Amino acid sequence: GDSVTQMEGPVTLSEEAFLTINCTYTATGYPSLFWYVQYPGEGLQLLLKATKADDKGSNKGFEATYRKETTSFHLEKGSVQVSDSAVYFCALSDITQGGSEKLVFGKGTKLTVNP
Amino acid sequence: NAGVTQTPKFQVLKTGQSMTLQCAQDMNHEYMSWYRQDPGMGLRLIHYSVGAGITDQGEVPNGYNVSRSTTEDFPLRLLSAAPSQTSVYFCASSFRPLGQGAGNTIYFGEGSWLTVV
């Protein structure tokens, strides 16, 4: 079945450092790809998404490009802040047997940014 | 903007007790689902519903029941809680997609932290 693999954490960076969190996927069709963020004690929030090959999703300084040739959707940010400390989940959308959409999640990567 | 509302946020149960996690959305979404989040496991789909009166099992359905009597509500029931059900539970909703790759955005509730002792 479809799956998402993202780099294991935890990742610890200093403020203003460059961030990359790798995400690759396996899918039979043409999924949409997502990054979700979970801040401490809170639920998941959609960070960005891309719906087709070569699309770039961006939000709050984060970017990710849908690369069909490498089946990847790596998350990047040029200069991280302490407030970016959170758990980041890569996900793809899949169609269930019933014809509805569901998300397949990676296991999450915990990011800690130190001042 | 209420979005997806889950209650309770925190709950402690004794083994064998029953309880219901409530989920409501005010976006007229047809599709609703329940996930559980466990350390190192990401989120796993428990049950989902494609509309009122229709539910189906996800990846980890055992020990949970759901019903969908209205479009707005999708409660998750634990009939006899077990320590293995200690987890964080998330309800989610979205519009029914028109087709694969539609990029349908799924909205999550804030989570319910459940501990079974």
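Given the structure is predicted, the values throughout are model-derived calculations rather than measurements. All values below come from the heavy atoms of this structure, side chains included, with hydrogens, waters and symmetry mates left out. Lettering of chains follows the sequences in order, A, B, ..., and the numbering in each one begins at 1.
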Decide whether A:Val11 and A:Tyr39 are clustered together by the hydrophobic rule: side chain heavy atoms of Ile, Leu, Val, Met, Phe, Trp, Tyr closer than 4.5 Å, transitively.
yes
Verify same cluster id: A:Leu92, A:Met7 (apolar side-chain graph, 4.5 Å):
yes
When rounded to the nearest 0.5 angstrom, what is the spacing between NZ in A:Lys107 and CG in B:Leu43?
13.0 Å
Checking heavy atoms, do the side chain of B:Gln6, its backbone, both or neither come under 4.5 Å from chain A?
neither
Do the side chains of A:Phe34 and A:Phe73 join up, straight or via other hydrophobic residues, at under 4.5 Å, putting them in one cluster?
no
Check each atom of A:Gln38 against the heavy atoms of chain B and say whether the ones under 4.5 Å are side chain, backbone, both or neither.
side chain
Heavy-atom count around A:Glu42 CD within 6.0 Å, excluding the residue itself: above 12?
yes
For residues B:Tyr107 and A:Gln45, determine if any side-chain heavy atom of one lies less than 4.5 Å from a side-chain heavy atom of the other.
no
Atom NZ of residue position B:Lys9 - does it have more than 12 heavy atoms of other residues, nucleotides or ligands inside 6.0 Å?
yes
Give the interface residues of residues 108-117 of chain B toward chain A, defined by a heavy-atom separation under 4.5 Å.
B:Phe108, B:Gly109, B:Glu110, B:Trp113
Select one option (side chain, backbone, both, neither) describing which atoms of A:Leu46 are under 4.5 Å from chain B's heavy atoms.
side chain
Measure the spacing between CZ of A:Phe105 and CZ of B:Arg44 and express it to the nearest 0.5 Å.
13.0 Å
Between A:Phe62 and A:Ile21, is there shared hydrophobic-cluster membership here, with clusters defined by ILVMFWY side-chain heavy atoms closer than 4.5 Å?
yes
Under the salt bridge (Lys or Arg N to Asp or Glu O under 4.0 Å) rule, collect the residues that match up with A:Asp55, sequence neighbours excluded.
A:Lys52
Is the shortest side-chain heavy-atom distance between B:Tyr35 and A:Leu103 below 4.5 Å?
yes
Can you establish whether the number of heavy atoms outside A:Glu16 located under 6.0 Å from its atom CD is more than 12?
no
Between B:Val60 and B:Val66, is there shared hydrophobic-cluster membership here, with clusters defined by ILVMFWY side-chain heavy atoms closer than 4.5 Å?
yes
